[in-house]
Number of protein chains: 2
Amino acid sequence: MPAAIGPSSPWDAVPDLLRARGMRWTPQRRTLIEVLAGIGGHLTGAELVERCRAADPTTTPSTVYRTLDVLEELGFIRHGHGADGREEFHVLPRTAHGHLHCGTCGSSWELGASEVGGLVRALRRGRGFHVDLSHVTIVGQCESCASAESRP
Amino acid sequence: MPAAIGPSSPWDAVPDLLRARGMRWTPQRRTLIEVLAGIGGHLTGAELVERCRAADPTTTPSTVYRTLDVLEELGFIRHGHGADGREEFHVLPRTAHGHLHCGTCGSSWELGASEVGGLVRALRRGRGFHVDLSHVTIVGQCESCASAESRP
DNA sequence: GTCGGTATTGCGACGCCTTGCAACAACAGC
DNA sequence: GCTGTTGTTGCAAGGCGTCGCAATACCGAC
């Protein structure tokens, strides 16, 4: 019995987008898409590999990372680097955004375009430099860690 | 014959600073310091390991990285992460500064406190977040790459 | 000068991610 | 439905960086 017309998801377009570019729709890619569709927010590459392995134990890291590259080209994900330099992927970013990372407690927050807008404009005007916002990670210390440290 | 009193270097203080903290001055650390003193600017961890190996083939990566941690605690170097997430060390930073990295051509520039000042203040006021400037790497596209791309 | 406590080293193993390559399989055309 | 092309996969190996552990050697004390 054919599934009823379910809630349409942006991911549904992936197979055709791939084929339109002469690329192929494979079970391995399907696995990764299902994992990505089932979660949201930020994940490291290793976490993604692990979740794919949970869904399909034959998953290979290299395939996951290569598929992530493809999905990034298609705009479905973006990657940046966390405070430790490890890759971090953002699923379906509504708008480009950077990240704020507390080096003490490890929490992180999104950094909206409005907050970095001044810097982005200044760099564009002053240096002709075009900032890739999704790749911006600002490291430092968050409010609660800073106050905890000044009053131990 | 004892060396004449040479040009004094900030590195000369390292042995005593270490001992003052109950740490030790070892030949391996000496090798790394000599390498660092002989260059300047930005280097990746791997480059540093390689240069140490050139000076002393018995050099071990783990020792180099651990010594770099110590030197960072002492303030002689700072590390950040380049566009690809790899570690990058800055020798003797005069002032805290961030980095601007062109993802297309790979060049990078220093980002002065004045340029990021607005963002730093906004984050402090708005979120109580204290930015670690030396850890900031802004990725994007530089002027020449951007214009080369728009007019191929 | 020697001795002992302990910081440091070197090793081996691991984790994350990338790359080259041969074998495989998706898919367009018949 | 079969077939050939060629994009993908899985493997193996490698690079960068970290960590635990036993052996080493620095350095302060005697």
Side-chain angles (χ1 to χ4, degrees), chain A residues 14-33 35 42-53 55-74 77-89 103 106 135 137, chain B residues 14-33 35 42-53 55-74 77-89 103 106 135 137:
Chain A
V14 173
D16 288 339
L17 282 173
L18 288 174
R19 283 189 278 257
R21 292 177 147 227
M23 297 169 149
R24 291 171 191 175
W25 180 237
T26 67
Q28 293 82 353
R29 290 181 173 173
R30 190 173 178 282
T31 301
L32 177 56
I33 297 285
V35 166
H42 313 68
L43 288 142
T44 66
E47 281 167 345
L48 247 12
V49 169
E50 185 137 353
R51 285 177 192 252
C52 285
R53 275 202 134 87
D56 172 3
T58 70
T59 300
T60 306
S62 54
T63 299
V64 174
Y65 286 108
R66 281 186 289 223
T67 302
L68 287 169
D69 288 345
V70 171
L71 291 175
E72 185 158 17
E73 262 181 66
L74 295 180
I77 58 175
R78 301 289 275 163
H79 89 278
H81 296 277
D84 55 357
R86 277 220 190 60
E87 279 192 301
E88 245 172 40
F89 294 90
H135 223 112
T137 296
Chain B
V14 172
D16 288 338
L17 282 172
L18 289 175
R19 283 189 278 257
R21 292 177 146 226
M23 297 171 151
R24 292 172 188 174
W25 179 239
T26 68
Q28 293 81 355
R29 290 181 173 173
R30 190 171 179 283
T31 301
L32 177 56
I33 298 285
V35 166
H42 313 66
L43 288 143
T44 66
E47 283 167 344
L48 249 12
V49 170
E50 185 137 353
R51 286 177 191 251
C52 286
R53 275 202 132 88
D56 172 4
T58 70
T59 301
T60 307
S62 53
T63 298
V64 173
Y65 286 108
R66 282 186 289 224
T67 301
L68 287 169
D69 288 346
V70 171
L71 291 175
E72 184 157 18
E73 261 181 68
L74 294 181
I77 59 175
R78 302 289 275 162
H79 88 278
H81 295 279
D84 56 357
R86 279 220 189 64
E87 277 191 312
E88 246 172 39
F89 293 90
H135 222 112
T137 297

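Chain A is the first sequence line, chain B the second, and so forth, proteins listed ahead of strands; every chain is numbered from 1. Keep in mind it's a predicted model, so treat the numbers as computed, not measured.
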>> Between C1' on C/dT9 and CG on B/Asp69, what's the gap in Å once rounded to a whole number?
In response: 15 Å
>> Looking at A/Arg19 and A/Asp16, is any side-chain nitrogen of the basic one under 4.0 Å from a carboxylate oxygen of the acidic one?
In response: yes
> If you take all heavy atoms of B/His79 and B/Glu87, which pair is closest and at what distance?
Replying inline: CD2-OE2, 3.5 Å
>> Side-chain N or O of B/Thr63 versus OP1/OP2 of C/dG10: is the shortest distance under 4.0 Å?
In response: yes
>> Should the side chain of A/Arg66 and the base of D/dG10 be counted as holding a donor-acceptor pair, with the cut-off at 3.5 Å?
In response: yes
> Rounded to whole angstroms, how far apart are NE2 on B/His81 and P on C/dC16?
Replying inline: 16 Å
> Counting any heavy atom closer than 4.0 Å, what does A/Arg29 reach on the DNA or RNA strands: base, sugar-phosphate only, or nothing?
Replying inline: sugar-phosphate
>> Would the distance check show the side chain of A/Thr44 and the main-chain N or O of A/Glu47 forming a donor-acceptor pair, the cut-off being under 3.5 Å?
In response: yes
> Which whole-number value in Å describes the distance from B/Ile33 CD1 to C/dT8 P?
Replying inline: 13 Å
> Is the shortest side-chain N/O distance from B/Tyr65 to OP1 or OP2 of D/dG17 below 4.0 Å?
Replying inline: yes
> When the distance from CG of B/Asp16 to P of D/dC27 is rounded to whole Å, what number comes out?
Replying inline: 10 Å
> When you check the phosphate oxygens OP1 and OP2 of D/dA25, does a side-chain N or O of B/Arg24 lie under 4.0 Å from one of them?
Replying inline: no
>> With rounding to the nearest 0.5 angstrom, report the OG1 to CG distance, A/Thr63 to A/Asp56.
In response: 10.0 Å
>> Whole angstroms only, please: what is the CG-P distance between A/Asp84 and D/dT18?
In response: 9 Å
>> I want to check one thing: is the phosphate of D/dC27, taken as OP1 and OP2, less than 4.0 Å away from some side-chain N or O of B/Arg19?
In response: yes
> Using a cut-off of less than 4.0 Å, is there contact between a side-chain N or O of A/Gln28 and OP1 or OP2 of C/dA25?
Replying inline: no
> Which part of the nucleic acid, if any, lies within contact of A/Gly22, taking any heavy atom under 4.0 Å across all strands shown: a base, the sugar-phosphate backbone alone, or nothing?
Replying inline: sugar-phosphate
> Which residue, B/Val35, B/Leu32, B/Thr59, forms the side-chain contact (heavy atoms from CB on, under 4.5 Å) with B/Arg51?
Replying inline: B/Val35
> B/Thr67 side chain: which of D/dG17, C/dT9, D/dG10 is closest?
Replying inline: C/dT9
>> Without decimals, in angstroms, what is the distance between B/Arg30 CZ and C/dT8 C1'?
In response: 17 Å
> Between B/Arg86 (CZ) and D/dG14 (P), how many Å, whole number?
Replying inline: 17 Å
> Measuring from A/Leu71:CG to A/Arg29:CZ, what's the distance to the nearest 0.5 Å?
Replying inline: 8.0 Å
> Atom CG of A/Leu68 and atom P of D/dT8: how far apart are they, to the nearest Å?
Replying inline: 14 Å
> Taking for each residue the nucleotide of DNA chain C bearing the nearest heavy atom, is the 5' side occupied by B/Leu18 or by B/Ser62?
Replying inline: B/Leu18
> Which nucleotide sits closest to the side chain of A/Met23: D/dG7, D/dT18, D/dC26?
Replying inline: D/dG7
> DNA chain C: A/Glu87 or B/Asp56, which has the more 5' nearest nucleotide?
Replying inline: B/Asp56
> What is the nucleic acid contact for B/Pro15, judged by heavy atoms within less than 4.0 Å: base, sugar-phosphate only, or nothing?
Replying inline: nothing
